[in-house]
J.: 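What follows is a single structure, and I will ask about it in a moment.
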Amino acid sequence: MRIGLEGISFSVPQSYIEMNALAKARNVDPLKYIKGLGQVEMSVASPCEDTVVLAAEAAASLLANFNIDKSSIGLVIVGTESSVDQSKPVAVFVHHLLGLPQACRTFEVKHACYGAMAGLNMAINWIQSGRAPGKKALIIASDIARYGAGTAGEPTQGAGSVAMLVSDSPTLIEFNLKGEGVYSKQVMDFWRPNYSKEAFADGHFSINCYLDALVGAYESYTKSTGDKSKNLAACLYHVPFVKMAHKAHLRLLEFERGAPFEKDSPALKEAQDDYAKRVSPHLDINAKVGNIYTGSLFLALLKLVEDFDPKASNRDISLFSYGSGCTAEWMTAKVLPEAHLRMKKHPYQKVLEGRVRLTVEQYERMLEGAGKADQNDSNICNPATWGIKKNFLYLGTHNNVRNYAVDGEVIIRAEVPKSEAA
Ligand code: CAA
C-alpha cells in the first residue's frame, strides 16, 4: 500500500516583525540574529489568533487548495506545544470550525516539537491497518512559540501552522515504511510548566540535546534499514532557527565520516557545499516565520515540495523531528514527480506577502496582549483593537468558554447559564 501526503498547506498570523528592528531595539548586532541564527523575520500572533485559529486556517486552506471532499476525513490530529485547554483538544475545535463529518476521530498530541510527527505516525498506521477504507487523516501542527521580550529565546519565537492530508492515494509525498529511526532520553533542555505561558530553555544545552538525538535517531534508522544519508536528494530537519539545521547537517556528516571537521579543511568546505545544496534551499519560509515548534520541519517540507526537481523524484528525502525533553525521529520519503506542479498553483510566497509589518512597540503590545488572551471575561481579544481581519478569529473566553468566529459569524459561543436566561 502507498501512503503519503495528498495535500499540505500553512498559515501564519497577520503580523510579523523584522529581526533587524528587533535586534536594534535589544542593543544587539543585527548580524547575530540574521547570520548567527539565520532569521530574517518573525511571525507575531495577536490575542485573536490562537493555536486553534492558526490550525483552522491552515487546514481550511489545504481543503480548498487541493479540492478535498470533507466527508472523506475520518481522523483529525493536532500536534501542539501551545494548546488552549488542559482537557479539550485543539482538534475538536478545528473539527467544528471546519464543519467536518461527525464520523471522525479527533485528538491532540503533545511532546514539545515532536507532536505532529507522532500524529503522522498514527495516521500512517491507521491507514495501513485498513480499518477505514477510503478515509483520509488531517494532521495539523500548530504553535505559538513564546519565550518573552528580552530573553535569549526571543529571536527564536514565531507562530503558525502546517496542515497535511495523509491518505492511500498520495500525490505529493510517499513515505518509506520499511523501518524506523527513533530516540528518547529524559533531559531538561526546554519545557513549559502548566503555570507559564512562556517556555523555559537551557538554550546551549538544548542545542547539544538536539544534536545527540539526531545522531541517535539516525543511527537507529540506519540499523533498521541499512540506508545511508549520502544517497538522499534533500535532508530536512526540525528548524527552531535556520542555523540549527546547519549545525544538524554538519553533525550528521561528521557522524558519517567518523571524525569532526577541522577548521578550514577541504572536508569542511565540501560539507558546507553539501549543506548549500541539500538543506539550505528549503529554509526560506522558516527564516521568515520563525520557530513554529511542531510545524517547523513541515514548513521546510512544504518549500521543498514546491521547488522539487522531478528528475530527483527517484531519490529519497529525509525528515528529522526533534521534541525537547526529549524524543526524536528520522524518517524518509519520496517526493512524487507531479508534486511541484500541484503546489505551484498556491505559492507560499503569497501567504507571506500578505502579512503586515509591526514596529517593535506594536510587537511588544501584541505580545503582552496575547499573554492575557486566555483570561476569563476580558475584552482583550477584540479584533478591531488589533486591526485583525481574518476568516477565523478567537474572540476571547467568556463564561469560561472559548468563543470563535468564522467569516464574521460566532459559531462557538459561551452559553448563558439557564438560571440567568430564565
Ligand atoms: N555576527 C554574526 N554572528 C554572530 C554575532 C554577530 N555579531 N554575534 C553572535 N553570533 C552568532 C554566534 O556565534 C552563534 O553562532 P554559533 O552557534 O554558530 O556559534 C549565534 O550567533 C548565536 O549566538 P549565541 O549562541 O551567543 O546566542 P544566545 O546565547 O543569545 O542564544 C540560543 C542562542 C541558545 C539559540 C537562544 O536563542 C535560545 O535559547 N533559543 C531557544 C532554545 C532553542 O531554540 N534551542 C534549539 C534546540 S532545542 C529545539 O530545537 C526544540 C525547540 O524548538 C525549542
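Each ligand, and each atom within it, is numbered from 1 in the order the structure gives. The figures that follow rest on heavy atoms only: side chains count, while hydrogens, waters and symmetry mates do not.
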J.: Heavy-atom distance to atom 26 (O) of ligand 1: which of Glu81, Lys32, His246 wins?
T.: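 Looking at heavy atoms only, Lys32 sits closest to atom 26 (O) of ligand 1.
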J.: Please identify which of these residues, Tyr114, Tyr293, Phe200, meets the ring-ring contact (aromatic ring centres under 6.0 Å, His included) condition with Phe190.
T.: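 Only match with Phe190 under ring-ring contact (aromatic ring centres under 6.0 Å, His included): Tyr293.
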J.: Looking only at distances, can you tell me whether any N or O atom of Ser324, backbone or side chain, sits closer than 3.5 Å to an N or O atom of ligand 1?
T.: no
J.: So Phe10 and Tyr348, would you call those rings parallel, tilted or perpendicular, with 30° and 60° as cut-offs?
T.: tilted
J.: Would Tyr210 count as being in polar contact with ligand 1, using the rule that some N or O on each side must be under 3.5 angstrom apart?
T.: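 No, since none of the N or O atoms of Tyr210 sits under 3.5 Å from an N or O of ligand 1.
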J.: On the ring face of Phe93, is Lys88 found with NZ or CZ under 6.0 Å from the centre and within 45° of the axis?
T.: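 Satisfied, under 6.0 Å and within 45°.
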J.: Tell me, which protein residue and heavy-atom name are nearest atom 22 (C) of ligand 1, and how many Å apart are they?
T.: Leu37 CD2, 3.9 Å
J.: Can you list the steps and then say if Val279 with Leu283 is a side-chain contact (heavy atoms from CB on, under 4.5 Å)?
T.: CA-CA 7 Å; Val279 186; Leu283 301 177; 4.1 Å; yes
J.: Quick test: of every protein heavy atom, which one is nearest to atom 47 (C) of ligand 1, and how far off is it to 0.1 Å?
T.: Ser206 OG, 3.4 Å
J.: Can you pull out the closest protein heavy atom to atom 31 (O) of ligand 1? Residue, atom name and distance to 0.1 Å, please.
T.: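 Atom 31 (O) of ligand 1 sits closest to the protein heavy atom His204 NE2, 4.2 Å.
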J.: Considering non-hydrogen atoms of the protein only, which is the closest contact for atom 16 (P) of ligand 1, and what is the distance?
T.: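 Here the nearest protein heavy atom works out to Lys247 NZ, 3.4 Å.
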J.: Taking the basic N atoms (NZ, or NE/NH1/NH2) and the acidic carboxylate oxygens, is any pair closer than 4.0 Å for Asp50 and Arg402?
T.: yes
J.: Among Cys209, Gly36, Pro240, Pro155, which one puts a heavy atom closest to atom 44 (O) of ligand 1?
T.: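 That would be Pro240.
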J.: Measure the distance from atom 35 (C) of ligand 1 to every protein heavy atom, then report the residue, atom name and distance (to 0.1 Å) of the closest one.
T.: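 Sorting protein heavy atoms by distance from atom 35 (C) of ligand 1 puts Phe241 CE2, 3.5 Å first.
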J.: Is ligand 1 less than 4.0 angstrom away from at least one heavy atom of Tyr147?
T.: yes
J.: Counting non-hydrogen protein atoms only, what is the nearest one to atom 39 (O) of ligand 1? Give residue, atom name and distance.
T.: Gly203 CA, 3.3 Å
J.: Among Arg192, Lys110, Arg146, exactly one meets salt bridge (charged side-chain N to carboxylate O under 4.0 Å, His left out) together with Glu81. Which residue is that?
T.: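 Output: one option passes, namely Arg192.
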J.: Evaluate the ring planes of Tyr322 and Tyr210, with Trp represented by its six-membered ring, and classify them as parallel (under 30°), tilted (30 to 60°) or perpendicular (over 60°).
T.: tilted
J.: For atom 15 (O) of ligand 1, which protein heavy atom lies nearest, and how many Å away is it?
T.: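 Protein heavy atom at minimum distance: Lys243 NZ, 3.5 Å.
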J.: Under 4.0 Å from atom 2 (C) of ligand 1, is there any protein heavy atom?
T.: yes
J.: Would atom 13 (O) of ligand 1 count as contacted, meaning some protein heavy atom under 4.0 Å?
T.: no
J.: Check for a donor-acceptor pair, side chain of Asp143 on one end and backbone N or O of Thr294 on the other, with a separation under 3.5 Å.
T.: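 Yes; at least one donor-acceptor contact below 3.5 Å.
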J.: Can Glu154 be said to touch ligand 1, with heavy atoms closer than 4.0 Å?
T.: no
J.: Going by atom types only, do Tyr218 and Glu256 share a side-chain donor-acceptor pair under 3.5 Å?
T.: yes
J.: Looking only at distance, does Thr156 have an N or O less than 3.5 Å from an N or O of ligand 1?
T.: yes
J.: Quick one: does ligand 1 sit under 4.0 Å from the side chain of Leu31, the backbone, both or neither, non-hydrogen atoms only?
T.: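 The answer is both, backbone and side chain.
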J.: I'd like to know whether CZ of Arg2 has more than 12 heavy-atom contacts from other residues, nucleotides or ligands below 6.0 angstrom.
T.: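 Atom CZ in Arg2 is crowded, with more than 12 foreign heavy atoms closer than 6.0 Å.
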J.: What is the nearest protein non-hydrogen atom to atom 36 (C) of ligand 1, stated with its residue, atom name and distance?
T.: Ala152 O, 3.4 Å
